[in-house]
Visitor: 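Below you'll find the structure I mean.
Protein chains get the first letters and strands the later ones, always in sequence-line order, with residue 1 at the start of each.
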Number of protein chains: 4
Amino acid sequence: MSYNTFGHMFRVTTWGESHGVAIGGIVDGCPPGIKFTTGELQEWLDKRKPGQSRFTTQRREADEVQVLSGVLSKEGSDEILITTGTPISLKIDNTDQRSKDYSNIKDRYRPGHADFAYDVKYGIRDYRGGGRSSARETAVRVAAGGIARRVVEGLFIRGALVQIGDKKINRDHWDWDEISNNPFFCPDKEMALEWETYLDHIRKKGSSIGAVIEIVADGVPAGLGAPIYAKLDQDIASHLMSINAVKGVEIGNGFEAATLSGEENADEMRAGNDGNPMFLSNNAGGILGGISTGQSVVARFAVKPTSSIHTLRKSVDAQGREVDVQTKGRHDPCVGIRAVPIGEAMVACAIADHYLMHRGQTGRI
Amino acid sequence: MSYNTFGHMFRVTTWGESHGVAIGGIVDGCPPGIKFTTGELQEWLDKRKPGQSRFTTQRREADEVQVLSGVLSKEGSDEILITTGTPISLKIDNTDQRSKDYSNIKDRYRPGHADFAYDVKYGIRDYRGGGRSSARETAVRVAAGGIARRVVEGLFIRGALVQIGDKKINRDHWDWDEISNNPFFCPDKEMALEWETYLDHIRKKGSSIGAVIEIVADGVPAGLGAPIYAKLDQDIASHLMSINAVKGVEIGNGFEAATLSGEENADEMRAGNDGNPMFLSNNAGGILGGISTGQSVVARFAVKPTSSIHTLRKSVDAQGREVDVQTKGRHDPCVGIRAVPIGEAMVACAIADHYLMHRGQTGRI
Amino acid sequence: MSYNTFGHMFRVTTWGESHGVAIGGIVDGCPPGIKFTTGELQEWLDKRKPGQSRFTTQRREADEVQVLSGVLSKEGSDEILITTGTPISLKIDNTDQRSKDYSNIKDRYRPGHADFAYDVKYGIRDYRGGGRSSARETAVRVAAGGIARRVVEGLFIRGALVQIGDKKINRDHWDWDEISNNPFFCPDKEMALEWETYLDHIRKKGSSIGAVIEIVADGVPAGLGAPIYAKLDQDIASHLMSINAVKGVEIGNGFEAATLSGEENADEMRAGNDGNPMFLSNNAGGILGGISTGQSVVARFAVKPTSSIHTLRKSVDAQGREVDVQTKGRHDPCVGIRAVPIGEAMVACAIADHYLMHRGQTGRI
Amino acid sequence: MSYNTFGHMFRVTTWGESHGVAIGGIVDGCPPGIKFTTGELQEWLDKRKPGQSRFTTQRREADEVQVLSGVLSKEGSDEILITTGTPISLKIDNTDQRSKDYSNIKDRYRPGHADFAYDVKYGIRDYRGGGRSSARETAVRVAAGGIARRVVEGLFIRGALVQIGDKKINRDHWDWDEISNNPFFCPDKEMALEWETYLDHIRKKGSSIGAVIEIVADGVPAGLGAPIYAKLDQDIASHLMSINAVKGVEIGNGFEAATLSGEENADEMRAGNDGNPMFLSNNAGGILGGISTGQSVVARFAVKPTSSIHTLRKSVDAQGREVDVQTKGRHDPCVGIRAVPIGEAMVACAIADHYLMHRGQTGRI
């Protein structure tokens with residue numbers, strides 16, 4: 001029973017609203033002796049930070065993370081922190097709230113937003129910037145993910161934007177090095193240029209567009225997960241679906257698997273040089289029967305277009321009157337962009353979690 | 001930490017292997033005073049039961065469910081059971097195991113199956129019929145789902161097969177009444193005929209094919225779910241992804257949302273006759289910000305083709321030797337068919353669970 | 001959120017009522033490769049079994065445990081079972097129900113029993129033999145505890161009855177070998193004789209009496225537990241308090257610690273031969289700051305007298321009318337006796353659970 | 001799986017070490033619409049605050065609590081906060097750390113402390129002020145308990161110190177009004193005077209002494225709890241045992257129940273004026289079969305003497321060398337005193353938690 005917690009053993013509980021004084025979270029269950037620096041958490045956070053390009057919201061937040069507990073400084077080095085096994089408290093102050101921007105929608109239900117559902121559920125709502133439903137909360141996940149990445153030795157997680165609107169990248173062009181050369185985390189140099197023009201167009205007319213993100217985790221030991229109900233893919237799906245605006249998740253070849261025959265889909269094996277099987281393909285996305293195989297774990301998720309747009313939209317207000325709603329607050333023309341580091345963080349947390357669960361139950365790591 | 005449990009308050013824990021003496025489970029947290037009959041559980045189970053047509057595995061199981069605890073008979077009626085609020089134990093005997101069919105794959109890793117990952121994880125494996133990884137376990141979910149359907153008054157859940165291979169139904173032809181007129185749970189009469197020919201072809205050559213299933217839940221009260229980490233869509237995704245062979249899940253318009261603009265995607269509202277907003281479309285699939293809106297909850301999931309096929313496939317054995325593997329056991333040419341009642345059951349459990357969670361936290365039901 | 005489950009990683013979920021067809025449970029999270037026999041579970045169960053002497057209830061139950069899943073037989077030995085890492089389903093049939101004995105108390109609230117509280121909570125109640133509130137459920141715990149004992153190599157758990165009424169054993173007489181020489185699990189030969197006379201007296205007048213049980217666990221590795229909220233002593237207390245009729249729990253010198261000074265209470269240490277500290281006393285009961293020290297873990301719990309007695313007692317019925325209640329069903333003059341193996345089982349489960357948790361988080365075992 | 005969380009639905013997760021920058025916690029699952037003021041949380045905290053009299057540690061902490069999320073100010077009143085149903089983040093800064101006091105015990109295992117067990121478990125330890133094992137963490141519980149008290153309408157929880165050393169209060173002298181007239185939360189005016197002299201003696205010689213605390217909760221609705229594993233008394237025992245230095249817990253007449261007969265122990269009932277049964281005694285402590293009866297819930301717990309004393313004690317250091325240890329840091333001669341408001345808070349949290357669980361499962365509140 002955990003409204004604001006995810007994970008079984010590597011557990012992250014977050015708190016905070018878009019326009020409160022701060023947001024934060026607790027990482028509980030982290031093994032002792034894990035080394036990391038605040039600087040590296042900051043680097044991950046900076047990837048998600050708003051206002052990095054004209055294609056993301058212009059809200060300016062330093063997103064400076066503080067580590068308030070659960071660590072000691074390494075002797076002789078203030079920079080390197082070592083986890084002690086106790087809960088790690090993370091805090092990020094909010095600095096650029098503009099709550100007045102939202103006063104006009106205090107009683108109006110923005111289409112595509114949680115406003116109405118929220119009011120029905122709680123009967124009270126912090127409407128400023130979306131309150132708890134704001135994507136601002138995801139900063140904490142990114143910081144927690146930074147620690148999770150350190151839990152499993154050799155784990156290496158990368159993400160890429162693979163589709164904006166109906167414009168998909170060409171997988172033959174995939175080059176991980178391109179990711180940092182454009183503001184989209186796009187691995188296809190040519191498509192990045194096309195997206196630039198396309199998103200400028202979207203942005204200028206105050207509209208928005210959806211996207212698909214792909215996360216690839218290398219260095220995942222075989223054996224993580226469980227046959228049922230604690231499947232690694234199940235938890236990755238749950239973690240990714242918990243990100244704001246996500247409407248679909250798939251593992252390996254995902255929905256395409258529906259179109260394939262058993263011969264086409266099942267990954268064949270040959271003897272590998274290290275004694276382990278070598279898979280001849282990776283349709284499974286590195287997970288079979290809920291358990292990692294040692295191949296790259298591959299997950300994709302679809303993000304809907306931001307519902308905060310400049311066009312007038314039909315709606316009702318809290319009193320049931322018909323109104324037209326226009327969102328004036330700053331927003332992302334394509335929230336999918338900033339979803340890349342968030343997706344990476346969530347996959348990192350899922351893998352760290354299952355690593356500990358596997359070690360606990362089987363002692364085989 | 002729950003390897004074999006799903007749900008927060010309406011919790012289902014299952015046990016059993018494909019070729020053990022029985023399978024079963026415990027439904028814990030069910031409210032007292034819920035009425036149901038063993039007969040109605042049996043009706044749901046019969047929808048999932050193998051051997052119903054030539055398009056599913058020929059394993060013959062009565063799948064007779066026994067209710068061992070947690071209920072009293074209604075006075076004057078042996079048939080109607082009333083829950084007492086204590087754990088409900090369900091048991092289904094295995095009767096048609098043919099474990100010998102599997103002796104040839106005891107040490108061979110079937111491509112597309114959990115065999116290798118399983119061995120790495122546990123170091124020991126019940127290879128007969130897939131052991132714990134067999135879809136046989138899903139019978140228990142269907143029985144549990146039958147109880148879940150009774151927890152929320154007015155809840156009505158239906159599922160349909162909407163795609164086999166690349167053959168998708170025509171949504172303009174959708175007729176729920178057709179579902180029971182063909183062996184595929186297909187709502188499109190014409191496509192059902194096409195599938196029949198197509199699947200006969202697949203079946204005869206000992207191959208298999210993937211599918212997509214859609215579940216629609218009507219009568220879901222608004223307010224179920226939470227903004228983060230206990231989102232209704234997140235738990236539906238997790239529940240569906242826990243079903244064997246599922247590789248993708250989506251809510252509402254799902255991956256298609258990636259291709260839409262904010263104007264196209266966000267569902268507008270007008271004042272409804274009952275004082276509640278009336279949505280003009282349902283791209284969201286009945287869930288906004290993780291919370292149900294009162295619209296139909298719509299989820300889809302992709303099932304990969306059975307990896308048990310008659311064609312020889314390249315693989316390795318437990319000793320790392322290269323071998324060719326052919327699956328001789330009975331199997332489903334399209335497991336997606338029997339996944340329909342399973343998906344319905346998992347969505348029913350998720351909704352019952354969130355209904356109780358919502359009532360507990362807010363007292364607003 | 002777990003109404004009928006205990007444990008974090010070694011999780012036990014039970015089901016069943018006193019007068020249903022059976023009781024049972026699921027052990028989830030057990031490591032793979034653990035060896036045990038049904039025979040040894042039966043031996044533990046036989047210690048708890050009713051009808052073993054004239055000092056326990058005369059209900060006759062074979063208490064034959066069946067293991068329905070989660071194990072394979074060891075090759076060449078049908079007797080030795082090996083866990084596979086999947087859920088272990090345990091079932092014990094009820095055979096000697098005499099539900100008619102209880103018809104007279106169907107609507108009457110027995111003083112000291114859960115009847116009234118139960119009706120307020122659920123609005124429906126299986127009154128036969130106490131339903132879910134019956135100590136019959138504890139048989140499942142004993143079977144689960146039998147498996148837990150095998151999880152931690154070298155773990156050795158014993159229990160003793162140390163007090164009946166105000167008659168306490170003489171600790172200078174403590175002899176573990178005496179435990180099996182009397183029907184009370186009494187380690188003090190002389191006191192066992194005194195209890196025999198005393199309990200005969202209690203039994204003949206249809207009365208009952210309370211008791212105190214002590215559990216000692218040897219071979220508990222140092223390092224199990226956590227500083228806060230997952231303390232080993234906290235979970236032992238929780239597990240023991242979950243046993244029917246338990247009203248108090250203590251660790252080490254327990255309530256006596258309130259009377260001591262810091263000098264008297266804190267256990268001093270000297271260098272041990274094995275490099276580890278050697279404690280000069282064990283007031284702490286083997287747990288400091290919630291974490292095991294490697295000393296014997298010592299817990300005690302108080303069991304109230306059975307409320308089922310032959311004397312007429314003042315009460316009310318479900319309609320609020322004043323009535324006198326007399327319990328005619330078979331019952332235990334001192335339930336504390338049969339609580340010994342139950343307490344052992346619960347401590348075993350707590351230790352196995354924390355062993356896995358510790359291994360998972362720290363990898364230090 | 002929750003190392004630093006307690007509760008099922010009303011969940012409290014805490015973080016922080018004795019000598020870190022701050023301590024804090026998250027209250028998750030709190031119902032929306034609950035009103036409270038920071039001022040009232042502060043009042044509870046002030047009861048626990050160190051340095052209030054010469055009988056508690058002289059560490060000076062303002063213990064000022066900040067509420068960082070999960071609330072809105074009531075319109076027209078900045079003081080009154082209203083919960084929104086989202087996680088409530090609490091933070092209390094540490095201001096009076098004197099870490100140098102502890103440098104001499106950095107590598108020395110203080111007898112009676114968690115030092116050795118902690119090192120075995122984690123291999124790394126924040127030795128300053130006890131780190132995570134410090135009672136400082138309990139301030140967060142008290143703040144959380146302040147919110148919990150508001151969740152159940154009519155709930156009224158009080159605590160008293162009933163024993164210091166072997167000096168027990170006279171229950172015939174019990175006067176709740178005396179609690180605030182002495183520095184011990186003692187309900188017996190005469191005993192308070194005796195304790196004053198006695199504790200001065202203990203304090204001056206740098207020693208310490210144990211104590212027993214009693215918590216009484218009035219206004220607990222009947223029906224909270226469950227027959228097994230989620231018993232109200234089980235969770236109260238677990239919550240209380242999680243407090244630092246607690247070695248025993250009992251409900252109602254507790255260990256004394258072991259000495260009673262069924263006739264003496266079972267609380268008889270007569271028809272009450274309100275249609276509900278009126279109990280003629282309360283040996284059960286308001287809980288039968290794990291479920292509240294509507295009577296006062298009564299729990300007691302024993303606190304061991306502080307192990308931080310001025311006398312030299314035999315021990316070993318981290319290198320296994322024999323050393324003598326003397327604790328120089330500030331400490332409490334009787335930690336039992338400050339345990340009173342902590343115990344109240346933990347019982348409040350347990351009851352709020354079970355209130356929500358009961359409402360969720362049964363809808364009967």
Visitor: With only heavy atoms counted, which part of C:Tyr118 is less than 4.5 Å from chain D, the side chain, the backbone, both or neither?
Guide: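 Both backbone and side chain of C:Tyr118 come within 4.5 Å of chain D.
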Visitor: Please look at C:Arg359 and chain D and tell me whether the side chain, the backbone, both or neither of the residue comes under 4.5 angstrom of a heavy atom of that chain.
Guide: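 For C:Arg359, there is no contact with chain D at all, as no heavy atom is under 4.5 Å.
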Visitor: We want to know whether C:Glu268 and D:Ser315 form a side-chain donor-acceptor pair, criterion being a heavy-atom distance below 3.5 angstrom.
Guide: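 Side chains of C:Glu268 and D:Ser315: no pair found under 3.5 Å.
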Visitor: Heavy-atom distances under 4.5 Å only: say whether C:Glu137 touches chain D with side chain, backbone, both or neither.
Guide: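 Contact with chain D involves the side chain of C:Glu137 alone.
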Visitor: If you count heavy-atom pairs under 4.5 Å with chain C, which of D:Gly272, D:Cys334, D:Gly225 comes out on top?
Guide: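 Sorted descending by pairs with chain C, the first entry is D:Gly225.
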Visitor: How many angstroms lie between CD1 in C:Ile291 and NZ in D:Lys121, if you round to the nearest 0.5 Å?
Guide: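 The distance works out to 6.0 Å.
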Visitor: Side chain, backbone, both or neither: which part of C:Thr5 has a heavy atom under 4.5 Å from chain D?
Guide: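 Contact with chain D is through the backbone of C:Thr5 alone.
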Visitor: Checking heavy atoms, do the side chain of C:Gln163, its backbone, both or neither come under 4.5 Å from chain D?
Guide: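 Only the side chain of C:Gln163 comes within 4.5 Å of chain D.
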Visitor: Is C:Asn244 close to chain D through its backbone or its side chain, or both, or neither, when contacts mean heavy atoms under 4.5 Å?
Guide: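 Interface part for C:Asn244: backbone (N, CA, C, O).
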Visitor: With only heavy atoms counted, which part of C:Val325 is less than 4.5 Å from chain D, the side chain, the backbone, both or neither?
Guide: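 The answer is neither part of C:Val325.
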Visitor: Where does C:Ser292 contact chain D at under 4.5 Å (heavy atoms): side chain, backbone, both or neither?
Guide: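 Interface part for C:Ser292: backbone (N, CA, C, O).
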Visitor: Does any heavy atom of chain D fall under 4.5 Å from the side chain of C:Leu280, the backbone, both, or neither of them?
Guide: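 Side chain only.
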Visitor: Quick one: what part of C:Lys231 sits under 4.5 Å from any heavy atom of chain D, side chain, backbone, both or neither?
Guide: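 For C:Lys231, side-chain heavy atoms alone lie under 4.5 Å from chain D.
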Visitor: Between C:Arg110 and chain D, which part of the residue has a heavy atom less than 4.5 Å away: side chain, backbone, both or neither?
Guide: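 Contact with chain D is through the backbone of C:Arg110 alone.
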Visitor: Would you mind checking which part of D:Arg364 comes under 4.5 Å of any heavy atom in chain C, side chain (CB onward), backbone (N, CA, C, O), both or neither?
Guide: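 Answer is side chain: those atoms of D:Arg364 sit under 4.5 Å from chain C.
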Visitor: Against chain C, label D:Phe255 side chain, backbone, both or neither, depending on which of its atoms sit under 4.5 Å from a heavy atom there.
Guide: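 Both parts, backbone and side chain.
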Visitor: Which bit of D:Ile202 comes within less than 4.5 Å of chain C, counting heavy atoms only: side chain, backbone, both or neither?
Guide: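 Contact with chain C: none, neither part.
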